[in-house]
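Below is one structure, written out as structure tokens; comments come after it.
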Amino acid sequence: MNDYDVIVIGGGQAGLALGYALKRKNRRFVIVEQNQRIGDSWRQRYDSLVLFTPRKHNQLPGLTFPGEQNTLPNKDEAADYLELYAKHFELPVMLGTTVMELSKIGFRFQVRTQDRLLHAKQVVIATGPFHTPFIPDIANSLDHTVHQLHTSQYKNENQLIDGPVLVVGSGNSGAQIAVELAAHRPVIFSQGESRSYLPNFIFGKPIFDYMKTFGLLDAPHSTWIGKKMRSSPDPIFGYKNQVRELSRSGALRLVSRTVQVNGRTVYFADGTEATVNNVLWATGFRPNYDWLSIPDVLDSKGRPIHLRGITKVPGLSFLGLPWQHTRASALMGGVGKDALYLVEHL
């Protein structure tokens with residue numbers, strides 16, 4: 001039987017949290033996941049990745065994240081937790097299954113994969129926002145001798161050639177990798193926008209404890225504080241002291257936005273320049289829903305049009321989007337609330 005009440009596309013934290021909620025409702029559902037193993041989207045990231053949220057703020061509904069609750073897990077521990085979660089609740093996950101097309105025929109949805117057709121009354125797209133790596137067009141002007149990688153391809157320093165490396169992108173991944181590399185080679189850290197640095201811990205307690213206490217994680221995006229937070233770039237958690245010390249020593253050079261490239265020379269908005277052997281693009285991702293053959297679901301930039309995940313197309317919803325409802329919506333420990341809300345409206 002390939003006929004379900006609900007098909008969930010994506011077996012990451014969002015899809016699994018929704019699976020937990022659907023199982024409690026005794027719905028007939030399946031979770032479709034393109035990777036061969038649950039958690040592989042985490043395992044495939046760079047070797048040294050550590051989450052900036054402590055374990056107690058990473059748990060999905062119904063199951064504690066293993067380990068000392070105030071410590072920061074690495075990416076493999078996050079992956080193993082997701083795999084444990086699916087096994088613990090015996091969630092029906094169809095692994096190694098790529099969605100080629102989602103369409104709607106009459107009042108029912110059809111999901112075409114590489115080897116079968118699935119049908120359902122309702123579909124939830126839980127693939128998250130990180131689909132296609134984004135590299136700016138100026139990368140094409142780099143000399144062929146410059147070694148380029150996007151963070152989605154980066155595993156560790158052994159992939160780089162000798163010499164200086166330019167890290168472009170001011171998010172948490174860019175900062176973490178820049179600090180890591182600056183311990184062994186000259187690093188230029190190009191920050192396109194000014195970001196605040198927040199500590200991981202204050203007086204021995206995770207900063208996320210304070211954020212939760214003061215309602216910063218659970219403030220809806222429509223509130224004053226939600227709008228204020230959403231209008232500012234996400235802060236970088238940790239690394240302030242390391243960035244400061246490495247900058248003073250000269251191992252890490254902070255520059256502004258990368259604006260132009262000519263051969264091996266890179267020019268920055270502050271009027272400075274640098275000659276580099278390596279460029280690591282920590283420039284994020286763009287959404288890609290090319291397989292979605294249903295009109296009136298995406299805006300002109302290819303982003304979902306929704307209200308708390310619910311679209312104008314009856315039966316079609318999204319889960320796991322940044323600011324789907326609150327700041328916590330994009331975090332592993334926050335997606336569960338959105339899942340529990342969504343399942344009541346399916």
Side-chain angles (χ1 to χ4, degrees), residues 1-35 37-39 41 60-63 82-83 85-129 131 287-298 303-321 324-325 329-330 332 334-346:
M1 284 286 291
N2 289 326
D3 205 342
Y4 302 92
D5 295 331
V6 184
I7 294 174
V8 182
I9 301 176
Q13 54 256 31
L16 297 179
L18 185 65
Y20 167 86
L22 288 169
K23 191 161 189 178
R24 293 177 69 195
K25 291 286 188 181
N26 296 314
R27 306 295 290 275
R28 188 168 186 277
F29 71 98
V30 68
I31 301 171
V32 178
E33 168 58 38
Q34 68 177 352
N35 287 311
R37 185 180 174 190
I38 292 173
S41 58
L60 300 179
L63 187 66
L82 295 182
E83 192 169 51
Y85 190 87
K87 290 179 179 178
H88 181 82
F89 292 111
E90 299 180 330
L91 300 178
V93 183
M94 193 178 289
L95 292 168
T97 304
T98 300
V99 173
M100 311 300 292
E101 183 182 33
L102 170 61
S103 56
K104 192 172 187 182
I105 302 173
F107 295 100
R108 298 183 67 77
F109 293 93
Q110 177 174 281
V111 175
R112 179 171 62 87
T113 73
Q114 75 272 31
D115 58 5
R116 72 190 76 188
L117 291 176
L118 308 174
H119 299 89
K121 301 173 185 176
Q122 300 177 92
V123 170
V124 179
I125 300 173
T127 57
H131 302 148
N288 184 353
Y289 298 101
D290 287 348
W291 44 269
L292 181 54
S293 298
I294 300 175
D296 304 321
V297 178
L298 306 176
R303 299 172 301 192
I305 304 169
H306 68 96
L307 180 61
R308 293 198 68 172
I310 300 169
T311 75
K312 295 180 180 179
V313 177
L316 182 62
S317 306
F318 286 84
L319 183 63
L321 300 175
Q324 180 155 321
H325 182 51
S329 291
M332 187 182 293
V335 72
K337 285 187 176 180
D338 289 338
L340 295 173
Y341 171 85
L342 194 60
V343 81
E344 295 297 331
H345 292 77
L346 291 180

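Although no hydrogens or angles enter the test, the distance criterion places no donor-acceptor pair under 3.5 Å between the side chain of S41 and the main chain of G39. Here the side chain of K25 pairs no donor or acceptor atom with the backbone of V343 at under 3.5 angstrom.
Around NZ of K337, the count of heavy atoms belonging to other residues, nucleotides or ligands within 6.0 Å does not exceed 12. A 6.0 Å sphere centred on CG of D115 holds more than 12 heavy atoms belonging to other residues, nucleotides or ligands. By the neighbour-count criterion of 12 heavy atoms within 6.0 Å, atom CD of Q114 is densely surrounded, having more than that number from other residues, nucleotides or ligands.
With contacts defined as side-chain heavy-atom distances shorter than 4.5 Å, the pair M94/I7 does not qualify. A heavy-atom distance below 4.5 Å is found between the side chains of L342 and I310. Within the 4.5 Å cutoff, the side chain of L117 has no heavy atoms near those of the N2 side chain. Using a 4.5 Å cut-off on side-chain heavy atoms (C-beta onward), L346 and L22 make contact. The side-chain heavy atoms of Q122 and D5, taken from C-beta on, include no pair separated by under 4.5 Å. Y289 places a side-chain heavy atom less than 4.5 Å from the side chain of I125. In this structure the side chain of K121 reaches within 4.5 angstrom of the side chain of R108, judged on heavy atoms. The shortest side-chain heavy-atom distance between L102 and L316 falls under the 4.5 Å cut-off.
Every side chain to side chain donor-acceptor pair (under 3.5 Å) that Q110 has, sequence neighbours left out, goes to H119. P61 pairs by the side-chain contact (heavy atoms from CB on, under 4.5 Å) definition with A17, Y20, Y85, not counting sequence neighbours. Residues passing the side chain to side chain donor-acceptor pair (under 3.5 Å) test with S317: none are found, sequence neighbours excluded.
For the pair F318 and P304, the tightest heavy-atom approach, listed with the atom from each and the gap, is CE2-CG, 3.6 Å. Residues M100 and W291 share a closest heavy-atom pair of O-CB, 3.3 Å. Scanning both residues, G15 and I31, for their nearest heavy atoms gives O-CD1, 3.6 Å. Considering every non-hydrogen atom in both L340 and A21, the closest pair reads CD2-CB, 3.9 Å. The minimum heavy-atom distance linking I38 with A86 is given by the pair CD1-CB, 3.3 Å. For the pair Q34 and T98, the tightest heavy-atom approach, listed with the atom from each and the gap, is CB-OG1, 3.8 Å.
Here F89 contributes atom CZ and K23 contributes atom NZ; the two are 9.0 Å apart, rounded to the nearest 0.5 Å. We find the NE2-OG1 distance between H306 and T311 to be 10.0 Å, quoted to the nearest 0.5 Å. From K87, atom NZ reaches atom CG of L63 across 13.0 Å, with rounding to the nearest 0.5 Å. To the nearest 0.5 angstrom, E101 atom CD is 9.0 Å from I294 atom CD1.
Of the candidates V32, I9, V8, V99, T127 forms a side-chain contact (heavy atoms from CB on, under 4.5 Å) with just one, namely I9.
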Going through the distances and angles, do H325 and Y341 end up as a side chain to side chain contact (heavy atoms under 4.5 Å, CB included)?
-> CA-CA 10 Å; H325 182 51; Y341 171 85; over 6 Å; no
Determine, step by step, whether M332 and L60 satisfy the side chain to side chain contact (heavy atoms under 4.5 Å, CB included) criterion, reporting the C-alpha distance in whole Å, the side-chain angles of both residues, the deciding distance to 0.1 Å, and the verdict.
-> CA-CA 7 Å; M332 187 182 293; L60 300 179; 4.0 Å; yes
Applying side chain to side chain contact (heavy atoms under 4.5 Å, CB included), run through F109 and V313 and close with a yes or a no.
-> CA-CA 11 Å; F109 293 93; V313 177; 4.3 Å; yes
